[in-house]
Amino acid sequence: MTEPVHVTAERIRRLEVQGARNVAIAAIKALEVLAKETKAKKRADFMKELSDAKTLLFASRETEPLMRNAVRWVISQVEDSDERSVGELARVISSSSQKFQKSLDASKERIAEIGSKRIRDGSVILTHCHSSTVTYMLSKALKQGRKFEVICTETRPAFQGRITAKEMLSLGVKTTFMVDSAARSFMHDVDLIVVGADAITSEGNVVNKIGTGTLAVLAREARKPFYIVSELLKFDPATLHGEYEKIEERSRNEVWKEAPAELNVRNPAFDVTPRDLIHGIICEEGIVSPQSVAEVVHRVYPWVFH
Ligand code: RUB
C-alpha cells in the first residue's frame, strides 16, 4: 500500500478534508497517486492494492456514499478493462478519476444554475454546516446579481458553520452567525433553508450534518421551504436492498474534552431528515421530489445499482 492512501484516509477521518464532495474527490485522487507510485508487476497485485485502498478509504468515514460510489466506479473501470500491464491499468485509474471529477464539476455547475433561480432578490437564506455545493450555488446567485443575506448555524461540535460564514463574508454577503439552538428564534426571519447532503436513501430520506433534521422540523413549523442541494451520486444503493444508512459516531472528545469519565457522551455526526419535510432535492437533473429520486438516479447513473 502506498503512503498517500493512508494519509488521505487519516485526513478524511480527522475532518481535515470535510464535506461529502471534497471527501470523494480526495479519495479518488489518492487512487491516482497509488496508480502512479505502484510497484506492482502483475495485474493481480495491482488489483489487490486497489482493493486494500478501497477498504481503507471506506473505513475513514462511514456515511459517505458519494465517496463509495466514486471509488467503486473508478476501480470498476480497471476491472472491466482487458489490459494486462500494470502501466496501462494505472493510466485507466488516472483517466477514470479525472473523468469522474469532471462530471462532478459539471453536476455542481448545473445544480448552481438550477438552485440559484430559487434565490429571490432580498431574501434571507439559512444554511447549516458547510456544504461546498450550497456555497457554490449561493456564489452563482450572487454573480447573477441577486442580493441576499445568509444566516449560518455554528454547527457544533466541529464548527463547520465558521467555514461557511467566512466564505460568505469573503464574497461580500451580509452574514449572521448563531448557535445551533437559536435556529427557532430566527426562523421567522428566514425565507429559504438550503442544506447539503451526505447520503440520500432509496426512500428519499436525506442524511446530513447533525441538526439538519431539527432545522427541517422548525422550517415545517414556520412554513418555510426546506431544500436539499446535492449531487445525485450521494444516493446509497445499499439502502435499496434494505440496509440502513450507517450514521457515523465520532469521538466524545469533540463534544467535551474533559468530560467526567462516567458520563455517557454521544456524538453522532449526522441525522436523517425524513422526505416529508423536504420540499425538493436540487440536483443536476433539476429539482426533484425525494419520492422520485431513486428513479432519477436509476435513469442517469444505472451503474450505481450494479
Ligand atoms: C459536512 C456536511 C455537508 C455535506 C455536503 O459534514 O454535512 O452538508 O457533506 O457537503 P462534515 P458538500 O463536515 O462532517 O464532513 O456539498 O460539500 O458535499
Side-chain angles (χ1 to χ4, degrees), residues 8-29 57-58 60-70 100-101 103-112 114-116 125-140 150 152-168 180 183 193-201 205-216 226-236 245-251 253-255 267-273 278 281-284:
T8 302
E10 186 55 17
R11 289 183 63 230
I12 292 172
R13 198 186 62 73
R14 288 170 182 266
L15 289 185
E16 286 169 22
V17 180
Q18 168 279 333
R21 189 190 158 79
N22 292 334
V23 164
I25 292 170
I28 58 175
K29 278 190 172 164
L57 290 165
F58 280 19
S60 64
R61 291 199 80 185
E62 49 188 346
T63 319
E64 296 298 353
L66 178 62
M67 183 238 287
R68 293 196 289 273
N69 288 332
F100 197 95
Q101 289 171 54
S103 104
L104 271 186
D105 279 349
S107 296
K108 183 170 86 168
E109 206 55 53
R110 188 79 192 109
I111 290 168
I114 296 162
S116 57
I125 295 149
L126 172 66
T127 190
H128 182 54
C129 194
H130 174 256
S131 156
S132 58
T133 324
V134 166
T135 55
Y136 188 73
M137 181 188 90
L138 294 175
S139 73
K140 186 93 174 182
V150 169
C152 308
T153 53
E154 65 174 351
T155 319
R156 267 193 60 82
F159 304 109
Q160 291 92 332
R162 292 178 186 172
I163 309 174
T164 306
K166 285 184 189 162
E167 219 171 300
M168 289 300 108
D180 300 347
I193 299 99
V194 283
V195 294
D198 283 274
I200 303 173
T201 74
N205 301 323
V206 170
V207 179
N208 189 51
K209 178 54 58 190
I210 190 77
T212 301
T214 314
L215 287 180
F226 181 94
Y227 283 94
I228 300 293
V229 182
S230 171
E231 296 85 354
L232 286 170
L233 285 172
K234 288 174 180 170
F235 182 84
D236 188 344
E245 186 66 38
K246 289 199 185 67
I247 304 287
E248 174 191 357
E249 180 125 7
R250 297 183 61 82
S251 156
N253 293 337
E254 287 182 355
V255 178
N267 185 17
F270 305 105
D271 64 17
V272 181
T273 300
I278 299 168
I281 299 178
I282 304 174
C283 65
E284 61 270 40

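Counting convention: from 1, in listed order, for ligands and their atoms alike. Here the structure is a predicted model, which means the values were calculated and not measured.
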Proximal ligand 1 atoms for [X], defined as those under 4.0 Å from one of its heavy atoms:
{"X": "Asn208", "answer": "2 (C), 3 (C), 4 (C), 7 (O), 8 (O)"}
{"X": "Lys234", "answer": "5 (C), 12 (P), 16 (O), 18 (O)"}
{"X": "Lys209", "answer": "6 (O), 7 (O), 11 (P), 14 (O)"}

Are Thr135 and Glu167 close enough, and set up right, to give a side-chain hydrogen bond (donor to acceptor under 3.5 Å, both in side chains), and what steps lead you there?
CA-CA 8 Å; Thr135 55; Glu167 219 171 300; 2.8 Å; yes
Who passes side chain to side chain donor-acceptor pair (under 3.5 Å) against Ser116, sequence neighbours left out?
Gln144
Taking only residues two or more places apart in sequence or in another chain, which ones pass side chain to side chain donor-acceptor pair (under 3.5 Å) with Asn267?
Glu254
Note: Ala269, heavy atoms under 4.0 Å from ligand 1, region reported as neither
Under-4.0 Å heavy-atom contact with ligand 1, by part of Gln160 that carries it:
side chain
Atom of Asp236, atom of Pro65 and distance for their closest heavy-atom approach
CB-CB, 3.8 Å
Do any nitrogen or oxygen atoms of [X] come within less than 3.5 Å of a nitrogen or oxygen of ligand 1?
{"X": "Glu231", "result": "no"}
{"X": "Glu64", "result": "no"}
{"X": "Arg61", "result": "yes"}
{"X": "Ala20", "result": "yes"}
{"X": "Phe270", "result": "no"}

What protein heavy atom lies closest to atom 10 (O) of ligand 1? Include the residue and the distance to one decimal.
Ser131 CA, 3.5 Å
Hey, does Asp198 sit under 4.0 Å from ligand 1 if you only count heavy atoms?
yes
Tell me whether ligand 1 is touched by His128 - counting only heavy atoms on the residue side and a distance under 4.0 Å.
no
